[in-house]
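Structure first, then comments.
From a predicted model like this one, the values you see are computed outputs, not experimental measurements. Hydrogens, waters and symmetry mates are skipped; everything else that's a heavy atom, side chains included, is used.
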Amino acid sequence: MPKKQKALWFAKRCAFTLAVAALCYLLFGVLGSGCLWWQTLGLPCPTCGMSRAWLCALSADFAGAFFWHPLFWIIPPLVLLLIFAGAERRWVQKSLIFCAALFAVVYLARMVLLFPHTAPMTVNPNGLLPRLFGGYFS
């Protein structure tokens, strides 16, 4: 691939990443909607606490960041991996599958240890599942 095409390819990936980050910030930060999963279903999502973890990490409170979400640190390497290597390569796909499995294991552990009374793994009583199956979430 010529140098000019590589630069354009890189710029497009960076622009896309920034656009997604800006959209997430707008939807969840500015509008204050919070987690759509938690609002709708009433249960915490696998990334619950990630925003609060990054707020703690940015203020150098790493113990707090690990409390809110122990995998907060994995997001920048994933973003860089996707920007620089792309998702087409087999080893990148395997890395993404590994990270998804890691998120699932951490989610299950947090559900067992923290759910339903310890933040960030709390129940939204107005969510769909707590209204349908209220007795299971108390």
Side-chain angles (χ1 to χ4, degrees):
M1 182 181 302
K3 195 172 189 177
K4 196 172 192 176
Q5 282 183 329
K6 283 184 182 181
L8 183 61
W9 170 85
F10 178 73
K12 284 181 182 180
R13 286 183 188 252
C14 287
F16 177 74
T17 303
L18 289 173
V20 169
L23 181 63
C24 288
Y25 177 76
L26 178 68
L27 286 175
F28 303 122
V30 174
L31 299 178
S33 65
C35 178
L36 293 176
W37 180 306
W38 186 79
Q39 293 286 342
T40 306
L41 295 178
L43 299 178
C45 73
T47 62
C48 247
M50 189 67 75
S51 298
R52 290 171 280 187
W54 272 103
L55 289 174
C56 287
L58 292 173
S59 61
D61 176 15
F62 294 105
F66 276 100
F67 169 77
W68 287 112
H69 201 291
L71 296 178
F72 76 95
W73 55 270
I74 208 165
I75 300 302
L78 280 178
V79 170
L80 292 173
L81 180 72
L82 290 172
I83 288 174
F84 288 108
E88 298 83 25
R89 296 184 177 162
R90 191 160 180 79
W91 67 272
V92 173
Q93 293 171 356
K94 288 182 179 183
S95 299
L96 292 173
I97 291 169
F98 173 76
C99 287
L102 189 59
F103 266 90
V105 167
V106 168
Y107 178 68
L108 290 174
R110 293 172 78 202
M111 288 296 280
V112 168
L113 298 173
L114 303 175
F115 184 76
H117 302 294
T118 305
M121 306 302 282
T122 56
V123 173
N124 175 9
N126 298 321
L128 179 66
L129 294 176
R131 281 192 273 151
L132 290 175
F133 308 103
Y136 293 107
F137 299 110
S138 21

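- Panel note: side chain Trp38, backbone Thr122; a donor-acceptor pair is recorded below 3.5 Å.
- Residues forming a ring pair (Phe, Tyr, Trp, His ring centres under 6.0 Å) with Phe72 (at least two apart in sequence, or on another chain): Trp54, Phe66.
- The cluster map of Ile, Leu, Val, Met, Phe, Trp and Tyr, joined by side-chain heavy atoms under 4.5 Å apart, puts Ile83 and Ile74 in the same cluster.
- In terms of heavy atoms, Ala65 sits closest to Cys56 at N-CB, 3.5 Å.
- Taking Leu82 as the reference, Ala87, Val92, Leu96 meet the side chain to side chain contact (heavy atoms under 4.5 Å, CB included) condition, with sequence neighbours excluded.
- Within the structure, salt bridge (charged side-chain N to carboxylate O under 4.0 Å, His left out) pairs that include any residue of residues 89-98 do not occur (at least two apart or interchain).
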Please report, to 0.1 Å, the donor-acceptor pairs under 3.5 Å made by any side chain of residues 99-116, with sequence neighbours excluded.
| from | atom 1 | to | atom 2 | distance (Å) |
| --- | --- | --- | --- | --- |
| Tyr107 | OH | Pro44 | O | 2.8 |
| Arg110 | NH1 | Cys48 | O | 3.1 |
| Arg110 | NH1 | His69 | NE2 | 3.3 |
| Arg110 | NH2 | Cys48 | O | 3.2 |
| Arg110 | NH2 | Trp68 | O | 2.6 |

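- Met50 and Leu55 end up in different hydrophobic clusters when Ile, Leu, Val, Met, Phe, Trp and Tyr side chains are linked at under 4.5 Å.
- For Leu41, the side chain to side chain contact (heavy atoms under 4.5 Å, CB included) partners at least two apart in sequence or on another chain are Trp37, Leu129.
- Under the 4.5 Å side-chain contact rule for hydrophobic residues, Phe98 and Val79 share a cluster.
- Partners of Phe84 under the ring pair (Phe, Tyr, Trp, His ring centres under 6.0 Å) rule, at least two apart in sequence or in another chain, are Phe10.
- In the hydrophobic clustering of this structure, Trp91 does not group with Ile97; members are Ile, Leu, Val, Met, Phe, Trp, Tyr whose side-chain heavy atoms approach within less than 4.5 Å, directly or through other members.
- What you find for Leu81 and Ser95 is that their closest heavy atoms are CD2-CB, 4.0 Å.
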